[in-house]
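Since the structure comes first, as structure tokens, the remarks are kept for the end.
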There are 2 protein chains.
Amino acid sequence: MTNMETNQVTFAKALADEHRQEIMQHLCCVWCSVSDIVDKMGGKVKQPTVSHHLKILEDANLVFIREEGRHRFYTLNQEHFNMCCGMLVRTFAPDYNDQLIPPESIPVE
Amino acid sequence: MTNMETNQVTFAKALADEHRQEIMQHLCCVWCSVSDIVDKMGGKVKQPTVSHHLKILEDANLVFIREEGRHRFYTLNQEHFNMCCGMLVRTFAPDYNDQLIPPESIPVE
DNA sequence: TTGACATATCGACGTTTATCAATATAATGA
DNA sequence: TCATTATATTGATAAACGTCGATATGTCAA
């Protein structure tokens, strides 16, 4: 393993495809089987392609997976997604890192 | 123009390369000429490659450019970077979107 | 005006990636 | 058991991408 890429690059690569982002939208807040996603993609891509994209999302830790019989259900891992975006902002937009304020720092009235 | 890609895909593609991310780090909070960057990359890539990467960042609106004589200075556009990350979180991590609160929504005491 | 410097562009090359048809694997129901 | 369904894997193909040497373009200094 000579050329291990960083988390931030893995994350960016996972997002760097139109169809993959559309799949991610379909998996946001919802559990879907592979064939569900194929249907939702409306013929734009075939089943093996969807499986391929899901594998990339899985390798990037961007989906949770639940196996049930012959089905495999996927949903978006929002927590990890949020964490990656946080890292990106801290790395590449440090001037804006303070512009969002964590709720616990706000005094109750 | 049949196949215009979304902002979020353009943004992700711009980040989806190890060397490009390293260049972005070198441009964060600092103005650099092209040859400055070539030097900072320590021989990993040549000048035409750096120019190529800078063009991709420029097309993604991720750098500010200042021309000065025969030099071209670049620096990271943190505001746009931050905005893109915000869009991504709203799109793909809506459950975490409320965990950070914009300052203007907080009443002064 | 000339030569050196800074950067962008071009053209070629090898690698990576997205895609699909075909097939393998595995679970289900008849 | 057997046909069907759901998904993953394989192998092939084309397109996209990163890289560099060579070169074009433009600026500066002597």
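Keep in mind the model is a prediction, meaning the values are calculated, not measured. Every chain is numbered from 1, with letters handed out A, B, ... down the list of sequences. What you see below is based on every heavy atom in this structure, not just the backbone, and it leaves out hydrogens, waters and symmetry mates.
Distance alone, capped at 3.5 Å, is enough to place a donor-acceptor pair between the B/Asn77 side chain and the B/Asn61 backbone.
For C/dT17, the OP1/OP2 oxygens have no side-chain nitrogen or oxygen of A/His53 closer than 4.0 Å. Side-chain nitrogen and oxygen atoms of A/Lys46 include none within less than 4.0 Å of the OP1 or OP2 phosphate oxygen of C/dA22. Taking only side-chain nitrogens and oxygens, B/Tyr74 never comes nearer than 4.0 Å to OP1 or OP2 of C/dA6. Of the side-chain N and O atoms in B/Thr49, none sit less than 4.0 angstrom from OP1 or OP2 of D/dT19. Applying the 4.0 Å criterion to OP1 and OP2 of C/dC5, one finds that B/Ser35 has every side-chain N and O outside that range. The side chain of A/Arg72 places no N or O atom within less than 4.0 Å of a non-bridging phosphate oxygen (OP1 or OP2) of D/dA6. OP1 or OP2 of D/dT5 has not a single side-chain nitrogen or oxygen of A/His71 nearer than 4.0 Å.
Under 3.5 Å, the side chain of A/Gln47 and the base of D/dA8 form at least one donor-acceptor pair of N or O atoms. Counting distance only, with no hydrogens placed and no angle test, the side-chain atoms of A/Arg70 and the base atoms of D/dT5 include a donor-acceptor pair under 3.5 Å.
For A/His19, the side-chain atoms get nearest to C/dT19 when compared with the rest of C/dT19, D/dG18, D/dT7.
Note on ring orientation: taking the six-membered ring where Trp is involved, the planes of B/Phe11 and B/Phe81 are perpendicular (angle over 60°, cut-offs 30° and 60°).
Minimum interatomic distance between A/His26 and A/Cys32 (heavy atoms only, all atoms of both residues): O-SG, 3.7 Å. Between B/Leu88 and B/Gln8 the shortest heavy-atom distance is CD2-OE1, 2.8 Å.
Within the nucleic acid shown, B/Ile65 has no heavy atom closer than 4.0 Å to any nucleic acid atom.
We find that CD of B/Glu5 is positioned 11 Å from P of D/dA16, with the value rounded to whole Å.
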